[in-house]
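Report on the structure given below.
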Amino acid sequence: MDSAKLIFAEQLAGCSTGDKVRFLACVEEYKDGIVVVRDGGHRIKCDVSAVLPQIRVYRHEWVHCVGRKRADDSVDVLLFQSAVGMDLARYREMVVRRQAQDAFRP
Amino acid sequence: MNTSAVNALVKACPTLTKWIPIFISDLYTLVRKPGVEEVLFWYRLPVIWLRIVGIVMSVDEYEGRTNVTVDDASGRTIVCCIDQTTNIPWTREDRSSWIGKAFRIDGRLQCIGLNRRFLANKAVELEHPDAEWRAWQTRVRYKKKILDRYVLPMFQSLSTSTHTKADRTPFENLCRCLLHILRLPEYADLSAAFTAARLLEFIEAKNIQLPQLPVFNVDTGMTEWKGSNNTLVISYALDALVRRGRLVIIHSLAYTLVTPAHIRPILTPFRHLPSFDVRDVMEALIDKRPSFRTITKSALVKLIQAILQGDTYSWQLIDKTRWVRRESR
């Protein structure tokens, strides 16, 4: 099984189609199995139809999304976990540090 | 072994008796030495007991054990084998509910051939929302501590007498030294594209002394040994590394290190063929990334060999340029 790439929402465009990605974002709206999440000025459409029976979607809730990127820059969600109560600033700082450390992996 | 010998061993190798916080991708860099079964080596430090943190992606049940695939978004996943005798409080109904949750799993790594499996002793769910990123912070800091305390000092005081081989020229030693520095995780903070001046700034900030080079003084007619901590010498060394295919120039004065991560996406379509040639891979690479046109065939062969070592199939290299697939591992 391949590993997910830890990214910010704005970095999704730089990933290839089919890449497994993981990012944190806030739920903006939900309709017909498509959740629109937002992080800053970047919106991503997430197709949660595969995991719909296991999740609950609340507007303005921060969530961890793990899924595969499609050609149209939307994401096929594999995991959709609530991140309520998390220190978002520290989390972002850790993602930056992890990306820096992973950059030159031999 | 008597108590004092054990104490001496534990003092010399503090990593042997501790739970080592580690990312899953680093589990695949642990090295096994022939004749030493239980102990693995991480940056040459002996380790046995490991602690990973990640999200459970799948649960597979077998007779007597359960295999759990864990992912911490570090680039690799690992299969954790939970034996029925392990002290993990779970029931048959609970297992499928693990999927999507973050766990801290303690255990040790088992290497069978080219496969790696994590034998879990204990698994604890990380229920607090901040627990996962805090675990990442522990691992990032620990790895930095290991590198600063044990690995970087190897480069702190380099001289031709202690860290270089007699059969290599001083310039070759300098090139190798720069290559080691570029592979350090600390260097990743700077950027994927660096200039000679930026590299020199990093070297001076870390107080690394590069090997000395013989310099002919035209006034005195004598050869003097001088330190190579200057931009011009480093530029020459970087250009030499470009000629050897270890670096590429991406724009005007900026270099980037060639790593398997650059080659892997190009190589993926070729791995499904029964055989392929390095020239085809090189053509595809230059097509996608024109700045890699300076890479040499020998450097590309080495990188491809490193990538294929972890492949599902067994590959044989013929005539140093062609790979033929044998069978599944």
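Keep in mind it's a predicted model, so treat the numbers as computed, not measured. FYI, side chains are in, hydrogens and waters are out, and symmetry mates aren't considered; it's all heavy atoms of this structure. In the text below, chain A, chain B and the rest are named by the order of the sequence lines, each starting its count at 1.
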From the list B/Asp71, B/Thr69, B/Thr77, side chain to side chain donor-acceptor pair (under 3.5 Å) partner of A/Ser3 resolves to B/Asp71

With sequence neighbours left out, the residues meeting side chain to side chain donor-acceptor pair (under 3.5 Å) with A/Gln54 are none

Note to self: Is there a side-chain contact between B/Arg141 and A/Arg97 in this structure, where contact means two heavy atoms from C-beta onward sitting under 4.5 Å apart?
What the structure shows: yes

One should read off an interatomic distance between A/Leu79 CG and B/Met57 CE, to the nearest 0.5 angstrom, of 4.5 Å

Bottom line for A/Val84: the part with an atom under 4.5 Å from chain B's heavy atoms is backbone

Checklist line | B/Glu132 with A/Arg22: basic N within carboxylate O range, under 4.0 Å | finding: yes

**OP:** Could you tell me whether the side chain of A/Arg98 and the main chain of B/Ala73 form a donor-acceptor pair under 3.5 Å?
**Re:** yes

* Judged by atom type as modelled, is there a donor-acceptor pair below 3.5 Å linking the side chain of A/Gln81 to the main-chain atoms of B/Gly100? -> yes

The interface call for B/Ile55 against chain A, heavy-atom contacts under 4.5 Å, is side chain

To the nearest 0.5 Å, atom CE of A/Met86 lies from atom CH2 of B/Trp133 at 9.0 Å

When the 4.5 angstrom heavy-atom criterion is applied to A/Val51 and chain B, the contacting part is neither

Whatever's closer than 4.5 Å to a heavy atom in chain B on A/Leu6 counts as both

Taken in chain and number order and not counting sequence neighbours, the residues that satisfy side chain to side chain donor-acceptor pair (under 3.5 Å) with B/Arg116 are none

Note: B/Gln137 and A/Met94 closest approach over all heavy atoms is CA-CE, 3.4 Å

To the nearest 0.5 Å, atom CG of A/Leu78 lies from atom CD1 of B/Ile99 at 11.0 Å

**OP:** Would you please test B/Asp130 and A/Tyr91 for side chain to side chain contact (heavy atoms under 4.5 Å, CB included) and show each step?
**Re:** CA-CA 8 Å; B/Asp130 289 335; A/Tyr91 174 86; over 6 Å; no

When the 4.5 angstrom heavy-atom criterion is applied to A/Asp87 and chain B, the contacting part is both

